[in-house]
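To start, the structure itself, in C-alpha cells.
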Amino acid sequence: MKHTLAVLVENKPGVLTHISGLISRRAFNIESIAAGYTEEPDMTRITIVVEADDEYVLEQVVNQLSKLIDVIKIIDLTGQDRVHRELALIKVTATPETRADILNIVEIFRAHVVDVNKETVIVQLTGEERKIDAMCELLEDYGIREIVRTGRIAICRGPVSAKEV
Amino acid sequence: MKVTGAQAVIECLKKENVEVVFGYPGGAVLTLYDELYLSDFPHILPKHEQGAIHAADGYARATGKVGVCIATSGPGATNLITGIATAYMDSIPIVIITGQVAVSLIGRDSFQEADIRGITTPITKHNYFIKDAKDLPKAMKEAFYIARTGRPGPVLVDISKNVFAAELEFEYPETINLRGYRPVYDGDPEAIDAVYSELLKAEKPLFFVGGGVTLSDTSDIMRKIVAYSGIPTVTSLMGLGCIAEDDPNYFGMIGMHGTYAGNLSTTETDLLIGLGVRFDDRVTGLLNEFADKAKIIHFDIDAAEVNKNVRSHIKVIGNLQWSLDKLYAKMTERPSSEWTGQFRPWRDKMTAWMNEKPLVYNTDSERILPQAVIEKISEITQGNAVIVTDVGQHQMWTAQFYQFKQPRAFLTSGGLGTMGYGLPAAMGAQVGVSGKKVICICGDGGFMMSCQELMAIADLNLPLKIIILNNSYLGMVAQWQRTFYNQHYAHSCIKTKTDFVKLSEAMGVPAIRLEKKEELKTVLEKVIASEGPFLVDIRIPEDEDVLPMVPSGARLDQMIMGG
Ligand SMILES: Cc1ncc(C[n+]2csc(CCOP(=O)(O)OP(=O)(O)O)c2C)c(N)n1
Ligand SMILES: [Mg+2]
C-alpha cells in the first residue's frame with residue numbers, strides 16, 4: 001500500500017542527502033520525494049510517497065527517519081482527509097496538423113500550454129498522479145520528447161497544520 | 001570572552017570534562033595542535049588514526065564517558081572510518097574532531113580535501129561541518145549531548161582550517177534546543193503492566209540481555225530482577241558481564257557460538273524478553289524460527305530497533321533505567337518465592353541442559369589449548385580484569401571461557417567485527433581505567449593490523465598485557481573453510497618468519513613466547529602481575545574449532561557440538 005508521509009526537517013545542508021541515503025541503504029521502496037521551503041524559514045518539508053507491504057515496513061521507514069537529528073517530525077497523511085498534487089511539464093511534438101488536437105486534450109485536462117514553437121509545445125499540468133499519467137498516455141500518440149514531474153506534495157484539509165498534529 | 005576557534009575547541013573540551021584526547025596532527029589541525037600545546041591539554045598520540053579512534057572507543061567503553069578523537073583533513077579523517085563504523089554499530093559515544101581545508105578551498109579537490117561529512121553520514125549518529133567560528137560552541141555542545149544521550153553513538157565535527165584561527169565571542173550554551181532530537185527516557189507505564197501480566201502467565205520466560213544494559217549502566221537493577229524472579233537469563237556477546245557468570249540463573253551467551261543450554265532455551269521459551277538487544281543475525285540464526293514458540297517483549301531506547309528484525313508482541317520504549325526500575329517495582333508486588341516457584345521447573349530444565357552439555361574442550365591435549373589460556377587468565381584475574389579482544393576465534397573463546405563478573409569488562413567489536421580493534425582499544429581502555437588490569441587478547445592476524453600501537457603502549461608505559469593466541473591462521477576464516485569449503489584454506493594460512501617476540505621487544509614492549517603446557521600457569525601469573533606492558537606469544541594448535549557452532553542461516557538448536 002502507498003503511504004504519503006510529510007517529513008518536516010531542519011533547513012540545513014546535508015539533510016536531503018542524509019534522508020535519501022538512508023532510504024536507499026535500507027532498501028525502502030520510495031515512489032517519489034519532493035522537498036521545498038515552508039511557512040517557517042528554518043524548516044523544509046519533504047513529501048515522501050512510500051510503498052509499504054505491511055505496517056512493519058512503514059513503522060521502520062518512519063522510525064529510521066525519525067532517528068535523524070534533523071528530522072523534526074513525520075506525519076503519515078495516508079487515510080487523512082488531504083489534498084495531494086503533482087506538477088508535470090511535458091514537451092510534445094506539435095506539427096501544424098496535430099497542434100489543434102493537442103490543444104484539445106490540454107483543454108479537457110485543464111492543463112496549460114506554457115511554450116510553443118514550430119515543432120513542439122510545452123504542456124503544464126497539475127493534478128493527482130493518475131490524471132498526469134492519463135494525459136501522458138494520450139499525448140504519447142503525438143510524440144513526447146521530455147517529461148519532468150515534481151513528485152507528490154500533500155496537505156491536510158481543515159485549519160490545523162501538520163506541525164501541530 | 002574573545003577567543004580563537006582553536007581556543008574555543010579546548011574550552012568546549014574542558015566544559016565537557018574531557019580528560020584526554022586521542023589524536024594525530026596534520027596541516028588542517030595545526031592551529032588546534034598549537035593550542036593543545038599552549039594549554040598543555042592531555043593528548044595521546046597513537047601511531048595511526050585508526051589507532052586513535054579505536055583508543056577513544058576503548059576509553060569510552062571502559063569508562064562510560066565520551067571518547068574524543070582528533071584527526072587532520074583528508075587521509076587523517078578517512079583513516080578513522082573503520083573505527084567510526086565500529087563505534088556506530090556498537091553505540092559507543094565518541095566525539096570526533098576533524099580538520100577540513102580552509103573555506104576558500106572547499107569543493108575544489110584541494111590538497112587533503114575529503115568530504116568526510118558525506119562519507120561518515122551513514123556511520124555517525126550525527127555530524128557537523130563548521131565554516132564559521134561563531135557556530136563552534138553550539139555544535140560542540142550538541143555533539144557531546146547527542147553522542148552520550150539516548151542511544152549513544154559517534155558524532156563528527158568537521159572544522160575548516162581557517163575557523164581555528166578566526167576569532168569569536170565565546171559563550172558555551174547552557175541549554176540545548178534540538179527540535180528533532182528528544183531522546184526518550186520515560187516510556188509508557190502501561191507497557192510495564194502488560195509485561196507483568198505476560199510474566200504471570202508465562203511458564204518458560206527468558207531474559208535476553210544485550211549491550212544496551214551495559215550502555216545504560218543498568219546491570220545492577222537487572223541482576224536484582226533476575227535474582228528476585230528466578231527467570232533464566234542469557235546474554236548476547238555485547239551483554240556479557242551484565243549478569244555474573246556464576247549466577248545460578250545465568251546460562252551464557254546465545255547465538256552462533258552460544259551455549260547449548262542458552263541456544264536451546266530460545267527454541268523452547270514461551271516468553272522471550274529482549275533488553276537492549278538488536279536481534280542481530282549472528283544471534284538469531286534462522287530469523288523466521290527464532291524463538292518461534294514465544295511471545296516477544298522488546299525493551300529498547302531506540303524505537304527503530306523494535307520490529308526491525310524480530311516482531312515484538314509488546315514494546316517497551318525508553319531508557320532501561322526507567323523501565324527496569326519500573327519493572328522491578330512492579331514485580332515486587334508479588335513475593336519472590338511465588339515467582340521463583342513459578343519458573344523453577346523451567347530453570348531446572350535449563351540447568352539440566354547446561355550440565356548435559358557444558359562448554360568443553362580437550363583438557364588432555366599435549367598442547368596449550370586457547371580455551372585453557374582463557375580459563376587461566378580468568379582464574380588469575382578472578383574475573384575482574386578488563387578484557388579487550390580482537391576479532392576471530394580468540395574473541396569467541398574469550399566470550400565463552402572468561403568468567404565475567406562486571407559490565408564494561410569485555411570490550412569487543414561486536415556489530416562490525418573489526419580486526420585490528422583490540423590493541424588500540426585496550427590502550428584507550430587502560431588510559432581510562434588506569435587502576436585496573438587490562439588484558440588484550442588478540443589473534444596473530446588481527447594483531448598485525450594494529451601492531452604499530454605497541455610503540456605507543458611502550459612509550460606511555462601502559463601496564464597493559466597483550467596475549468596473542470597464535471594459531472598461524474586466520475583462524476575463524478580457516479574454521480569456515482574447514483567446515484564449509486572442503487578444507488580449501490584459501491589465503492588463511494599466515495605462518496610467518498616474523499618473530500612477534502622480537503617485534504614486540506623492538507618496539508619497546510618486553511615479550512615472551514609460550515609453547516609448553518606446563519609453563520602456562522607460571523608464565524601467565526608472572527606476566528599478569530608484572531608492572532609495565534608485556535606481550536605473550538602463545539602457540540596454540542592450528543586447527544582448533546570454536547564450538548558449539550550454529551551454521552549461518554540455521555535454527556539456533558542446530559548446533560555443531562564439541563567435546
Ligand atoms: C578488518 C577485517 N578484515 C577481515 C575480517 C574477516 N575475519 C574475521 S575473523 C578473521 C581471522 C582472524 O584471524 P586471527 O586474528 O589470527 O584470529 P583467530 O581467528 O585466528 O583467533 C578474519 C580474516 C574482519 N573481521 N575484519
Ligand atoms: Mg589466528
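All values derive from a computational prediction rather than experimental measurement. Basis for what follows: all heavy atoms, side chains included, without hydrogens, waters or symmetry-related copies. Lettering of chains follows the sequences in order, A, B, ..., and the numbering in each one begins at 1.
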Listing, residues 114-125 of chain A side-chain donor-acceptor contacts under 3.5 Å, not counting sequence neighbours, or none:
| residue | atom | partner | partner atom | Å |
| --- | --- | --- | --- | --- |
| A:Asn117 | OD1 | A:Glu119 | N | 2.8 |
| A:Asn117 | OD1 | A:Thr120 | N | 2.7 |
| A:Asn117 | OD1 | A:Thr120 | OG1 | 3.2 |
| A:Asn117 | ND2 | A:Thr120 | OG1 | 3.1 |
| A:Glu119 | OE1 | A:Arg145 | NH1 | 3.3 |
| A:Glu119 | OE1 | A:Arg145 | NH2 | 3.2 |

State whether the number of non-hydrogen atoms from other residues, nucleotides or ligands found under 6.0 Å of [X] atom [atom1] is greater than 12.
X	atom1	value
A:Glu51	CD	yes
A:Lys163	NZ	yes
A:Tyr37	OH	no
A:Arg110	CZ	no
A:Lys12	NZ	yes
B:Glu171	CD	no
A:Glu137	CD	no
B:Glu190	CD	no

What distance separates A:His18 NE2 from B:Arg117 CZ, expressed to the nearest 0.5 Å?
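Rounded to the nearest 0.5 Å, the NE2-CZ separation comes out at 8.5 Å.
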
For the atom pair CZ (A:Arg26) and NZ (B:Lys308), what is the distance rounded to the nearest 0.5 Å?
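If we round to the nearest 0.5 Å, A:Arg26:CZ and B:Lys308:NZ are 6.0 Å apart.
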
Chain A neighbours within residues 133-145 of chain B, where any heavy atom lies under 4.5 Å away:
none

In a table with atom names and distances, give each donor-acceptor pair under 3.5 Å that connects a side chain of residues 94-105 of chain B to protein atoms at least two apart or in another chain.
| residue | atom | partner | partner atom | Å |
| --- | --- | --- | --- | --- |
| B:Thr98 | OG1 | B:Asp158 | OD1 | 2.7 |
| B:Gln100 | NE2 | B:Ala114 | O | 3.0 |
| B:Gln100 | NE2 | B:Asp158 | OD2 | 2.8 |

At a heavy-atom distance under 4.5 Å, which candidate from B:Gly150, B:Ala303, B:Gly180 has the highest pair count against chain A?
B:Gly180

Heavy-atom pairs under 4.5 Å with chain A - which of B:Asn127, B:Leu178, B:Asp302 has more of them than the others?
B:Asp302

Listed by number, the residues in residues 61-95 of chain A that come under 4.5 Å of chain B (heavy atom to heavy atom) are A:Asn63, A:Gln64, A:Ser66, A:Lys67, A:Leu68, A:Ile69, A:Asp70, A:Val71, A:Ile72

Are any of the side-chain nitrogens in B:Arg311 or A:Glu59 under 4.0 Å away from the carboxylate oxygens of its partner?
no

